[in-house]
Amino acid sequence: MFYRIKDELADCLQARLAEAFGVSREQYRIQVQYPARLEFGDFGVSFPFELAKVLRRSPQQIAQQFLDGFRAPAYVRRIDTAGGGYINFAVDRWSLFLDAVRALRSGRLWPEFEPDAGKTIVEHTNINPNKAAHIGHLRNAILGDSLVRLLRFNGKRVEVQNYIDNTGVQVADVVVGFLHLEHQGVAEVAAIEGRFDYLCWDLYARVARFYEASETNARLRGEVLHQIEAGDNAVAELADLIATRIVNCHLDTMERLDIRYDVLPRESDILHLHFWDTAFAQLKARGAAELETVGPNAGCWIMRYQKDGQEDTKILVRSNGTVTYTGKDIAYQLWKIGRLDKDFHYEPFRAYDDGHTVWASSSAPATADASDLQPPRFGAGDRVFNVIDARQAYTQNVVFEGLRRLGYTDEAERSVHFAYEIVALSPRCAQELGSELSDEDRQRAHVEVSGRKGLGVKADDLLDRLEEKARREVDVRNPDMAPDQAARTARDIAIGALRYFMVRYSRKALIVFDFDDALNFDGETGPYLQYSAVRARNIGVKYREHYGLGEAEAAAALDGLLAAAAVELPDDVWDLLTQALKLRDAARASLAGQELAAFAKYLYTLAQRFSNFYNKHRIIGEEDPVWRLVFLAVVHIYYQGMQQGLDILGIPIPERM
RNA sequence: GCGCCCGUAGCUCAGUUGGAUAGAGCGUCGGACUACGAAUCCGAAGGUCGCAGGUUCGAGCCCUGCCGGGCGCGCCA
């Protein structure tokens, strides 16, 4: 609700600016800001400085003339000029508080945004289906899922895609491992029990060493890859079995973090349905793809494009006729943004507990009796976010350039590479994991996670460790808690710790992973946020118990405030209240800036203010009935905000902790 | 060589798109529980925002140049 007041004030100021100086909104747009310090007020503007030159007057004179005859909105209680040109506005705390109480009573503290008619696609996770997920993948999935939740909160309709590269070399490598190291085929692999993704993790690392041993070994990769792409043979069947089993492992892992998907587009179907041919025809028709006749790239189909004034070329089709990664990616992006005249077939892949179905792409129409489920219309998004690490920035730019070369400039504009830096390991952490580091690596600040070396922290191992640690803490604090509830609580805390950890750093920050940081539950962490929410809810519960009120009665008691005489809300209460009411602002700003860390930071500050508040004030024990209700209302408003905010970050609130 | 990103407290990071006295957490030191549960709170110490110029009423933020670090740039995927 704060954002509305801010917008309203901005309009009001803008009108006065036109009246007093003839400056229109188009000429100069007023930005209302939150002042640096609370004593300055609740809103502030600095336009007198900026307009001083144009209006040929001093900032003070402008501020004075502006304010002479300015009719402020009713809720503005005080207007000050300060610092030789700032104009600050303080609102009437009590009346704004009463507005908030009314909104709380009618359940409209944060009215929904206007729903967006279009569809936003978020593609994330995208793990090669050949081994267990690791911390790097967790950053991707958690960032992606939080983005999905933030978009939905902002009124967007979102489709979640998880692209499966089931025909790439990474899967081929594991196939080589099963065939030539384990001497196992489809039947044997299908019969393997236990942690399949963990088994492949080790096997994959062994295959890397196997390739290094001889040229003959290394050649096996190409042969296997060729058979996978050709399809309709035992090797391809094995690859499909491995990829499908691993994808199921990944979905299980992500499910532990409440991360879900709508559709899994598979590389094999892009191949079999010849998406590339359709895209290629478009590229040729538009002249975007050209057959190179001279030079080192002779015989290749290339795309030329301008980059910083220099011409660059990218190969789309090799001289042997095969398509490059970039080429396939352009075709796939065209499908996502609705400019490929082609679609997948779909089949249900699995259903979650609540009945939601994840669909997988398919090369053939589903048989009539297979299922009575009808897939939704996938793809063709109005806006597409590709959550992919920053190392792919160059490739992503080439893909978007491809769209532009096809004349789809709007579509390129609405395609976003949601880039983030990778998660690396501290050298100490890498050694802890049993990796033997070279002297060079030891000197470095961080070591890159490497699937090929088998070096990395597996997602499920990290989650297990988090849960174990959380369980110990829960048991110490709640010795009488039932084991199943303790387990559930530990799980919630582990999720909170991990999700907050991955989202608290800005996207551009490289995370150097260390167990000490990740397993920390104190200070700026997920459990801190959860704890404050739990405390707020329990204060509400205790309040009702203490005064013998039902939930509805306690809520109705708040109505008494509406008739009460005004009291002056102190700074700490006001700080907390306004921060809670800024939830929408924060969500909007975070989305606009495409920075989830900003929202995480906002929530953390909110929790901090609440912690400060409940340590300072007795709520249930407060003797003055008006203050008691004021405090109760503030606790309620805080809890409502925290509930929504934590939901955006996918962090659950335990019953107790 | 070309391109992108980063350099802020001992450590890890924020810094509302150019605003007011640069903020958190961890760590260190000191204080607050027979409880609306201390996974909390309060206080203290800790800064030449890599360096040097420039633009501006105003620069951690914009421009230029250096220094230091990371990543990317294949008929790989």
Side-chain angles (χ1 to χ4, degrees), chain A residues 31 33-37 40 44 46 49-50 52-53 58-59 82-86 88 128 165 167-170 172 225 267 292 296-302 307-308 310 312 315-320 322 324-326 328-329 389-395 397 419 421-422 424 444-446 448 470 473-474 476-478 493 504-506 508-512 514 516-517 520-525 527-528 530-532 534-536 538-543 545-546 585-586 589-590 592-593 597-598 600-602 604-605 608 611-622 631 635 656-657:
Chain A
Q31 296 283 337
Q33 301 165 326
Y34 299 122
R37 303 169 65 189
F40 291 146
S46 57
F49 288 108
E50 286 152 56
K53 191 167 278 179
S58 76
Y86 293 101
N88 294 320
N128 274 307
D165 184 5
T167 57
V169 287
Q170 303 227 25
L225 192 57
E267 173 83 7
E292 186 70 291
N297 296 338
C300 298
W301 285 87
I302 59 156
K307 203 183 80 181
D308 308 311
Q310 290 187 329
D312 207 345
I315 292 167
L316 301 176
V317 181
R318 302 182 190 97
S319 54
N320 67 6
T322 55
T324 63
Y325 182 82
T326 314
K328 280 186 280 196
D329 229 16
D389 77 64
R391 293 175 300 188
Q392 305 269 7
Y394 174 73
T395 315
N397 279 330
E421 265 297 341
I422 58 166
R444 287 168 165 261
H446 53 83
E448 200 175 333
E473 304 279 344
V474 170
V476 167
R477 281 161 239 257
N478 306 278
I493 292 169
R504 60 175 288 203
Y505 302 96
S506 68
K508 285 174 183 172
L510 180 121
I511 298 180
V512 180
D514 205 290
D516 290 347
D517 297 331
N520 182 28
F521 295 163
D522 299 325
E524 193 189 339
T525 66
Y528 177 95
Q530 294 172 306
Y531 182 74
S532 78
V534 168
R535 291 298 302 275
N538 286 351
I539 288 171
V541 170
K542 286 271 166 58
Y543 190 101
E545 283 173 8
H546 190 269
D585 281 79
S590 171
K601 217 77 185 175
Y602 157 79
Y604 174 64
T605 304
Q608 263 185 322
S611 299
N612 170 286
F613 165 79
Y614 81 74
N615 268 283
K616 197 164 160 186
H617 300 281
R618 293 278 165 278
I619 292 148
I620 295 170
E622 170 60 45
F631 291 154
V635 171
R656 295 178 57 194
M657 65 185 282

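First the proteins, then the strands, lettered A, B, ... as listed; each starts at 1.
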Span that lies between the P atom of G69(B) and that of U16(B), in whole angstrom: 28 Å
Residue Asp522(A), side-chain atoms from C-beta onward, closest of C26(B), A14(B), C6(B): C26(B)
Under 4.0 Å between a side-chain N or O of Asn520(A) and OP1 or OP2 of G25(B)? no
Between the base of A20(B) and the side chain of Asn88(A), is there any donor-acceptor pair under 3.5 Å? yes
Please give the stem ranges for RNA chain B, sorted by first residue number, where a stem is three or more consecutive Watson-Crick or G-U pairs and both donor-acceptor distances are under 3.5 Å. B:1-7 with B:67-73, B:10-13 with B:23-26, B:28-32 with B:40-44, B:50-54 with B:62-66
Say you pick atom P in G10(B) and the same atom in G47(B); how far apart are they, in whole Å? 6 Å
For C49(B) versus A22(B), give the span between their C1' atoms, rounded off to a whole number of Å. 8 Å
From C-beta outward on Glu50(A), which listed nucleotide comes closest to its side chain: G19(B), A39(B), C75(B)? G19(B)
Please list, chain by chain and in numerical order, all residues satisfying salt bridge (charged side-chain N to carboxylate O under 4.0 Å, His left out) with Arg504(A), sequence neighbours excluded. Glu524(A)
Pairwise 5' ranking along RNA chain B for Arg656(A) and Pro35(A), keeping only the more 5' one: Pro35(A)
Assign each of Val169(A) and Ala470(A) the nucleotide of RNA chain B bearing its closest heavy atom; nearer the 5' end lies the nucleotide of Ala470(A)
Can you check the distance between C57(B) and A52(B), where both ends of the measurement are the C1' atom (answer in whole Å)? 24 Å
Testing G70(B), G19(B), A39(B) for proximity to the side chain of Leu510(A), the answer is G70(B)
Selection from C75(B), C42(B), G19(B) that lies nearest to any side-chain heavy atom of Gln33(A): G19(B)
Would you check if Tyr528(A) stacks with the base of A39(B), given a 5.5 Å centroid limit and a 30° plane limit, both strict? no
Parallel, tilted or perpendicular: ring planes of Tyr86(A) versus Phe49(A), cut at 30 and 60 degrees: perpendicular
Look at the side chain of Tyr394(A) and decide which nucleotide, out of G19(B), G72(B), U40(B), has an atom nearest to it. G72(B)
If you measure only the distance, is there a donor-acceptor pair under 3.5 Å linking the side chains of Tyr34(A) and Asp585(A)? yes
With sequence neighbours left out, what residues match Ala393(A) under side chain to side chain contact (heavy atoms under 4.5 Å, CB included)? His417(A)
In whole angstroms, the gap separating P of G70(B) from NE2 of His446(A) amounts to 7 Å
Ignoring the backbone of Lys601(A), work out which of A24(B), A14(B), A39(B) is nearest its side chain. A14(B)
Among U56(B), C42(B), G37(B), find the nucleotide with the atom closest to the side chain of Lys53(A). U56(B)
Please give the distance between the P atoms of G70(B) and C13(B) as a whole number of Å. 15 Å
Let's see if you can work this out: which of A39(B), A20(B), G25(B) has an atom nearest to the side-chain heavy atoms of Gln608(A)? G25(B)
Phosphate oxygens OP1/OP2 of A38(B): is one of them under 4.0 Å from a side-chain N or O of Arg535(A)? yes
Tell me: CD of Glu473(A) to C1' of A38(B), nearest whole Å? 13 Å
Looking only at atom P, what distance separates C51(B) and A59(B), rounded to whole Å? 16 Å
Between Lys508(A) and C6(B), does any side-chain N or O lie under 4.0 Å from OP1 or OP2? yes
Among G72(B), A24(B), G37(B), the one nearest any side-chain atom of Arg391(A) is G72(B)
With the six-membered base ring of A24(B) as reference, does the ring of Tyr604(A) sit under 5.5 Å away with planes under 30° apart? no
No-H, no-angle donor-acceptor pair, Thr324(A) side chain to C75(B) base, under 3.5 Å: no
In whole Å, measure the gap between the C1' atoms of A39(B) and A45(B) for me. 26 Å
By the 4.0 Å heavy-atom rule, please label Val476(A) as base, sugar-phosphate, or nothing. nothing
Winner on side-chain proximity to Ser506(A), out of G37(B), A14(B), C41(B), is A14(B)
